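All remarks here apply to the structure that follows.
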Amino acid sequence: MKTAVPPNLYSFTRAQIVDLLAGWGYSTFHVARVWEMLYKNRLRADLRADLQADLALRTIAPMPTAVISLNSSDGLTRKYLLRLPDGETVETVLMYFKGRATACVSSQVGCAMGCVFCATGQMGFRRHLSAGEIVTQALFVDALLRREGSHLRNVVFMGMGEPLHNYDATLTAVSILTDQKGLSLAPKHITISTVGLVPAIRRLADDPQPVMLAISLHGATDAERQALVPLAVRWPLDDLIAACHYYIKKRRRRIFFEWALIAGENDTPEHAHTLGELLAGMDAHVNLIPLNPTGGYDGTPTDATTVAAFQNILTRCNLPSTVRQRRGIDIAAGCGQLAINN
Ligand code: SAH
Ligand code: SF4
């Protein structure tokens with residue numbers, strides 16, 4: 001018979017640890033100590049002996065171990081293959097920008113959404129990550145940054161998997177990451193990127209935690225989007241755009257739209273105009289990402305001149321945009337390149 005694995009302390013919010021310890025007969029005084037042990041010093045020795053024993057017997061608190069670490073040649077991107085307790089692995093990326101560092105975390109092993117140009121989609125879905133498995137990716141990166149005299153301030157859910165398909169674990173991880181007695185990240189420094197799960201976008205708009213939202217769009221007509229993003233058959237653009245308007249109205253925050261530029265597929269002036277019309281009047285910002293190579297898709301990235309022309313049209317449509325700096329391509333750590341090939 002399979003024995004049940006004890007719960008992972010890193011999946012608990014502070015309020016849940018209050019309940020857990022209360023159930024074992026400990027006062028709230030001990031909660032602060034446990035939380036400090038998890039998020040500040042990792043020292044169990046500071047806890048009372050009976051509490052140490054209870055935690056050791058009834059819970060686990062595993063940190064992932066890095067089985068592969070890769071540094072990009074420009075030194076600005078690092079990718080880690082992290083092994084989880086059950087032997088599955090995920091990739092986590094640390095990106096250095098001017099004056100800040102960002103952790104790109106995974107929310108699932110693989111992904112069920114099947115976007116044709118994405119290496120994670122190409123490997124299929126293996127399992128959801130728990131909140132603790134998401135939180136400890138950020139803690140892993142924070143520990144690296146602390147050794148360099150800084151600490152983690154930005155997290156993007158742009159690694160492997162679709163975070164809104166794993167909604168509860170993702171939002172529990174957000175509340176742990178933003179806990180002011182822990183890592184204390186600002187919600188506006190956390191971005192959730194989604195392929196466009198419409199009901200989950202509406203749910204996120206109503207969630208008390210005001211994180212930033214990015215939508216992977218890639219096509220501005222249903223037919224074009226569906227050819228790249230199979231999920232778009234389930235949630236057509238009308239529904240998606242209505243959910244975006246709802247989000248902006250509720251949150252009063254702009255939405256970022258991601259657009260992988262693929263030569264000849266979605267990068268012509270006409271595509272740019274259609275995109276401009278689709279997002280007209282919306283508080284939106286478009287991130288243009290020239291396609292990164294993946295094993296299962298033979299499209300090619302848009303060249304620099306065509307990217308500039310595309311961006312000019314968006315500007316004329318009053319739609320702000322940024323061309324994503326290509327980074328980490330030499331270690332396959334770019335957008336859409338994360339996968340495990342075992
Ligand atoms: N599942 C979420 C989170 C992953 S974020 C989502 O799709 O939004 C990864 C981002 O990289 C997404 O915007 C995705 O559409 C984009 N992407 C995937 N494959 C890519 C590729 N080959 N080149 C450029 N961007 C890609
Ligand atoms: Fe999944 Fe996002 Fe990749 Fe699509 S782009 S397959 S949703 S990880």
Side-chain angles (χ1 to χ4, degrees), residues 77 79 90-93 95 102-129 134 137 155-167 169-170 173 190-198 200-201 204 211-220 224-235 240 243-244 255-263 265-267 284-302 307 321-329 332-340:
T77 306
K79 182 168 90 162
V90 286
E91 296 196 316
T92 302
V93 179
M95 295 172 288
T102 295
C104 177
V105 299
S106 295
S107 55
Q108 298 175 319
V109 184
C111 183
M113 303 298 145
C115 305
V116 295
F117 46 69
C118 172
T120 314
Q122 290 157 14
M123 70 176 270
F125 177 74
R126 294 177 66 131
R127 73 166 170 85
H128 290 301
L129 295 189
I134 298 171
Q137 292 174 63
V155 168
V156 294
F157 284 80
M158 294 188 183
M160 294 167 61
E162 166 50 47
L164 295 189
H165 181 210
N166 188 14
Y167 191 96
T170 295
I190 298 180
T191 301
I192 292 183
S193 178
T194 177
V195 68
L197 298 181
V198 166
I201 292 169
L204 191 65
V211 293
M212 307 302 281
L213 177 63
I215 310 253
S216 299
L217 198 58
H218 312 305
E224 283 168 0
R225 188 160 190 264
Q226 285 164 14
L228 299 169
V229 177
L231 181 94
V233 176
R234 178 81 182 81
W235 301 112
L240 178 61
C244 290
I255 295 182
F256 295 87
F257 288 90
E258 291 160 283
W259 190 278
L261 280 165
I262 311 169
E265 291 288 325
N266 63 356
D267 66 347
H285 185 104
V286 178
N287 286 322
L288 299 166
I289 318 165
L291 184 77
N292 291 318
T294 58
Y297 183 66
D298 58 10
T300 51
T302 300
V307 172
S321 63
T322 308
V323 180
R324 277 269 181 86
Q325 199 187 332
R326 293 194 99 203
R327 50 159 58 237
I329 308 305
C335 294
Q337 292 189 305
L338 304 186
I340 290 135

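As the structure lists them, so they are numbered: ligands from 1, and atoms in each ligand from 1. Keep in mind that this is a model prediction, so the values were computed, not measured.
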Quick one: nearest non-hydrogen protein atom to [atom], plus distance?
{"atom": "atom 15 (O) of ligand 1", "value": "H218 NE2, 2.6 Å"}
{"atom": "atom 2 (Fe) of ligand 2", "value": "G161 O, 4.5 Å"}
{"atom": "atom 4 (C) of ligand 1", "value": "G159 O, 3.6 Å"}
{"atom": "atom 23 (N) of ligand 1", "value": "N292 N, 2.9 Å"}
{"atom": "atom 18 (C) of ligand 1", "value": "G336 CA, 3.3 Å"}
{"atom": "atom 26 (C) of ligand 1", "value": "C335 O, 3.5 Å"}
{"atom": "atom 1 (N) of ligand 1", "value": "G161 O, 3.0 Å"}

Who gets closest to atom 2 (C) of ligand 1 by heavy atom: S216, G196, S193? S193

Can you say whether the rings of F117 and H218 are parallel (under 30°), tilted (30 to 60°) or perpendicular (over 60°)? perpendicular

Using 30° and 60° as the class limits, which term best fits the ring planes of H165 and H128: parallel, tilted or perpendicular?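 Perpendicular: the ring planes of H165 and H128 meet at over 60°.
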
Please indicate whether any nitrogen or oxygen in L291 is less than 3.5 Å from any nitrogen or oxygen in ligand 1. no

Using distance alone, decide if ligand 1 has a nitrogen or oxygen within less than 3.5 Å of any nitrogen or oxygen in T294. no

Side chain, backbone, both or neither: [X] near ligand 1, heavy atoms under 4.0 Å:
{"X": "M158", "answer": "both"}
{"X": "T194", "answer": "backbone"}
{"X": "F157", "answer": "backbone"}

Of all residues at least two apart in sequence or in a different chain, which pass the ring pair (Phe, Tyr, Trp, His ring centres under 6.0 Å) check with Y297? none

Partners passing ring pair (Phe, Tyr, Trp, His ring centres under 6.0 Å) against Y167 (at least two apart in sequence or in another chain): none

Side-chain heavy atoms of N266 within contact of E224, under 4.5 Å: no

Distances under 2.8 Å only: what protein N/O/S atoms are near atom 4 (Fe) of ligand 2, ordered by chain and residue?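 Those protein N, O or S atoms (cut-off: under 2.8 Å from atom 4 (Fe) of ligand 2) are C115 SG.
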
Which residues pass the side-chain hydrogen bond (donor to acceptor under 3.5 Å, both in side chains) test with Q337, not counting sequence neighbours?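 In terms of side-chain hydrogen bond (donor to acceptor under 3.5 Å, both in side chains), with neighbours along the sequence ignored, Q337 is linked to no residue.
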
